[in-house]
Structures are given as structure tokens and as C-alpha cells.
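Structure first, then comments.
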Amino acid sequence: MPLALLALAVGAFGLGTTEFVMMGLLPDVADDLHISIPTAGHLVSAYALGVVIGAPLLAALTARMPRRTVLISLMALFVAGNALSALAPTYDWLLAARFLSGLPHGAFFGVGAVVATNLVAPERKARSVSLMFMGLTVANIAGVPVATLMGQHLGWRATFLGVSLIGVAAMAAVALLIRGADAPAPDSGLRGELTALRSLPVWLALATTVVGFGALFSAYSYITPMLTDSAGYADSDVTLLLALFGVGATAGNLIGGRLADHAMRGTLFGGLASMVAVLLLFPVLMHAQWSAALAVTLLGVAAFITGSPLQLMVMERAAAGPSLASSANQAAFNLANAGGAWIGGVALAAGFGVTSPSLAGAALAVLGLGVAGVAFAVDRRRDVPSTGRVRVVASHVPEATEPVRT
């Protein structure tokens, strides 16, 4: 695997750290800015909103720019957003800065995934995407806990300054390790990117992402009360257990990348099926501490096995203009976050028990299998290959309904 993938992983590590660290800093930010915890929670939503809006918007605006330049520019915007967060004098300023920080998130992952697949041979494309995503999963193991401790001991502003430095390191790594020939400007431009989005298989792939990862967030959003109220863990133990989720996610991400290079569709179905099984077992596994820790780890493995296949499925279906569709898939991940958390909350509020969000997640995973099955049937009817090997078209832009062959 080329060293250039390290540059993408460093950027993903910074993005993952700043996305999730706010959860651990909410009390400190609330005390410092004299706001309530629920009000501070809007800072998490502001980042997610930035991702959903910024992913397709920035991908479209930079459609004709060299992808190396795009990646550097996106990380520069990320650095600016986090620096402004550190300097925020008021809550409104910080809210705007968090929104700004979220804007480049989806576009970086989307464009980065296209660059990653261009760096390797066809039989290693899924693994290249998984190695970039590894920066995101490792952020949950090391980046978020360290950044949270930094915020608790040095102040939350120091955390965002530290994340800004990670962004500067990512900019330098992209500039040094990703050569211009590896990330040229796409010939298709905005018209080709938009044409690719008119394809039904692309939208079915995006829908699979929303429903499939909605299953994860339905349960994961309420993992803390499950661990404390059902499994009997102390609040102080939760951070370590969430790191176990990160370990599982990293393992699942690497396993999924390797398997998807051989059978993308089979890996996707297998990952969704394993999520159904793990989430159905959650109410049982949460009755003892050792099995609860195992459940959290297995949830990370099962969920992130599907990460690379889902990203590649979108890119494969939009081979004439993969950057915009790939970035839109990152927006779909965040819609899954919001939607899954809402559905899990409905189950919890209905009085079905503290572990009921996992059962709601299992239902979503079954629905995800159904959507993936429909997508597979449509692909077979259109004779679209499902090998997971992505071809980026250089000069010819096919119609939205034209089969893309590898």
C-alpha cells in the first residue's frame, strides 16, 4: 500500500477527533460559556449539519479542481474552523465555528476515497478505502480520549488548538505524499458528477448507507445508559468501553476492506446480517459486565465491516463522476446518525426498556438488508457488475442509465 494513504488517514484522524470530542467536552464548555448542557449539545448538531450541507456542496464547487488541491483546501478550512472554535468568545461564535468545521468533513472523505482508489491496483481498492477510514476509527481509540483529557486539564480551547495542529500536519502530508499525477482534475466536471447522481443504483446505494448505519446509531447513541443501568458499570468505566468499540470498529474496517476486494456484495450482506445478530443479542449480553464489553466490541466490528463496501458501492455506481456521490455518501452517514438516534429514542421513550434501542437497530439492519437486496436486483437487471472494483472514467461520460463495466 502506498505511503500516500497515510496522508489521508491523518486527515481522517483529525476529522474523527473533532467530530466526537465535543461529547466529552460538553460540561466544560457549558460551564465556561454559562449555558446549559442541552444548549451545549447543539454544538454537536451544528457540526453534523455542516457535514450534511458541506459534503455535496463543496464536492460540487470543486468538481474541476485537481483533487490534491481540493484535499489541501478542505483541510485548510478544517484548521480555520477549529482555530475559530478555540478563540470563540461566545456560544453563538462557537456554534458558527463548529458548523464551519463540519463543512469539509464529508467532502474530504468523499474525495479522499476517490484518490485512495486511484493510488492502488484494482484488486486493492477496498483495502485502500479502509486504510483511509482507519484514521476515523483510530480517532475513537486514541484521539477522542486524549483530546478529552487535554480539555479537562488544559481547558477545552486547548483541545481545538491541538486538533488544528493535526489538520496542519494533514495538509503537509497531503502536499508531500500525494503527487499531482495521482490526484488529477477530473475531466467530467460538475456536469458529469451531477449526471452520475441521476442513476437509481446510486440512490439505492445511498439509501443502504442511511438505513444500515442508522441501525448502528440507534443503539450506539444510547450505549451509556445500557452499560450503566443494565450491565452495572460505573460512569467512569464508560470511556474505556467506548475505546473497545473503537478497537472493534478498526478491526471491522480492516476486515471489511480485505473481504470487499474479493466479494463486495457478499461482504455488505454479511456485515448487515452480523449487525442484526449482534443487536438482537444486546438485551441478553447487557446482563453481565463481561458480555456487555464483548457486545460493544462486536457492534464496532459488525458495523464497520460494511463501511468500505458501502463507500465503494456508491463510487462504483457513479463511476462517471464519483467525487460528488462519494461525498454524498458521507452526508448519508450523518443522516443515519441523526435518524438512528431518533428511532432509538422513540423506543426508549415508549418504555420498552433501556436496551430497546438495540432492537430498533436490529429492525433497521433488516430493512438495510432489504434495501441492499433491491439494489442488487436492480444491478442484475441493468447488468451492473458488483465486484467492488471502481473505474474512474477519464474522458467519456456515459448516460445515467448506461451500464458501467470494469
Side-chain angles (χ1 to χ4, degrees), residues 1-20 51 55 59 67 71 74-75 78 104-120 124-144 166 170 173-174 177-178 205-206 208-210 212-213 216-217 220 243 245-261 264 267-268 271-272 275 299-316 322-323 325-334 336-337 388 390:
M1 286 291 176
L3 190 60
L5 290 174
L6 176 63
L8 299 174
V10 172
F13 178 81
L15 289 163
T17 299
T18 199
E19 179 179 18
F20 295 111
V51 177
R67 293 187 175 114
L71 291 172
L74 291 171
M75 288 312 302
F78 168 80
H105 181 114
F108 183 90
F109 276 104
V111 175
V114 176
V115 172
T117 57
N118 286 340
L119 290 168
V120 298
R124 292 176 176 264
K125 290 184 182 295
R127 270 172 280 183
S128 72
V129 173
S130 71
L131 288 176
M132 181 189 71
F133 281 177
M134 189 170 67
L136 177 65
T137 58
V138 170
N140 285 281
I141 303 173
V144 173
I166 297 175
V174 169
L177 298 179
I178 298 180
L206 292 172
T208 305
T209 296
V210 172
F213 264 80
L216 165 65
F217 289 111
Y220 186 67
F245 174 83
V247 171
T250 301
N253 176 54
L254 293 176
I255 293 169
R258 181 168 291 273
L259 293 177
D261 276 327
M264 184 188 71
T267 303
L268 176 59
L272 289 171
M275 265 216 288
L299 180 61
V301 174
F304 278 86
I305 281 177
T306 65
S308 297
L310 284 170
Q311 189 72 33
L312 279 174
M313 188 165 71
V314 172
M315 293 165 60
E316 184 182 73
S323 295
S326 182
S327 299
N329 196 48
Q330 297 304 311
F333 277 118
N334 278 267
N337 190 340
V390 180

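Among all heavy-atom pairs drawn from Gln311 and Gln330, the shortest one is OE1-NE2, 2.8 Å. The two residues Leu206 and Ala332 come nearest to each other via the heavy atoms O-CB, 4.0 Å. Between Leu71 and Gly112, the shortest heavy-atom distance links the atoms CD2-N, 3.9 Å. Residues Phe109 and Met132 approach most closely at O-CE, 3.5 Å, considering heavy atoms. Of all heavy-atom pairs between Ala116 and Leu8, the closest is CB-CD1, 3.9 Å. Closest of all the heavy-atom pairs between Ser327 and Ala107 is OG-CA, 3.5 Å.
By the 4.5 Å heavy-atom criterion applied to side chains, Phe213 and Thr306 are counted as neighbours. Contact of the Asn334 side chain with the Glu19 side chain is registered, since non-hydrogen atoms from C-beta on lie closer than 4.5 Å. Residues His105 and Phe78 are not in side-chain contact: their nearest non-hydrogen atoms beyond the backbone lie 4.5 Å or more apart.
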Atom pairs and distances, side-chain donor-acceptor, residues 245-260, under 3.5 Å, sequence neighbours left out:
unit_1 : atom_1 : unit_2 : atom_2 : d
Thr250 : OG1    : Thr137 : OG1    : 3.0
Thr250 : OG1    : Gly246 : O      : 2.9
Asn253 : ND2    : Ser130 : O      : 2.5

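Using bins of under 30°, 30° to 60° and over 60° for the plane-to-plane angle, the ring pair Tyr220/Phe217 lands in the perpendicular bin.
Results of the side chain to side chain contact (heavy atoms under 4.5 Å, CB included) test with Ser128 over Leu119, Leu312, Asn118, Thr117 single out Thr117 as the only residue that passes. Of the options Asp261, Val129, Leu272, Leu268, a side chain to side chain contact (heavy atoms under 4.5 Å, CB included) to Pro309 is made by Leu268 and by none of the others.
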**Message:** If you apply the rule side-chain contact (heavy atoms from CB on, under 4.5 Å), what do you find for Phe304 with Leu216, and how did you get there?
**Reply:** CA-CA 9 Å; Phe304 278 86; Leu216 165 65; 4.2 Å; yes
**Audit row: Arg67, Val114, side-chain contact (heavy atoms from CB on, under 4.5 Å) steps and yes/no** = CA-CA 9 Å; Arg67 293 187 175 114; Val114 176; 3.6 Å; yes
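Interatomic distance, CD1 of Ile178 versus CG of Leu6, reported as 10.0 Å (0.5 Å rounding). With values rounded to the nearest 0.5 angstrom, Lys125 atom NZ is found 13.5 Å from Ser308 atom OG.
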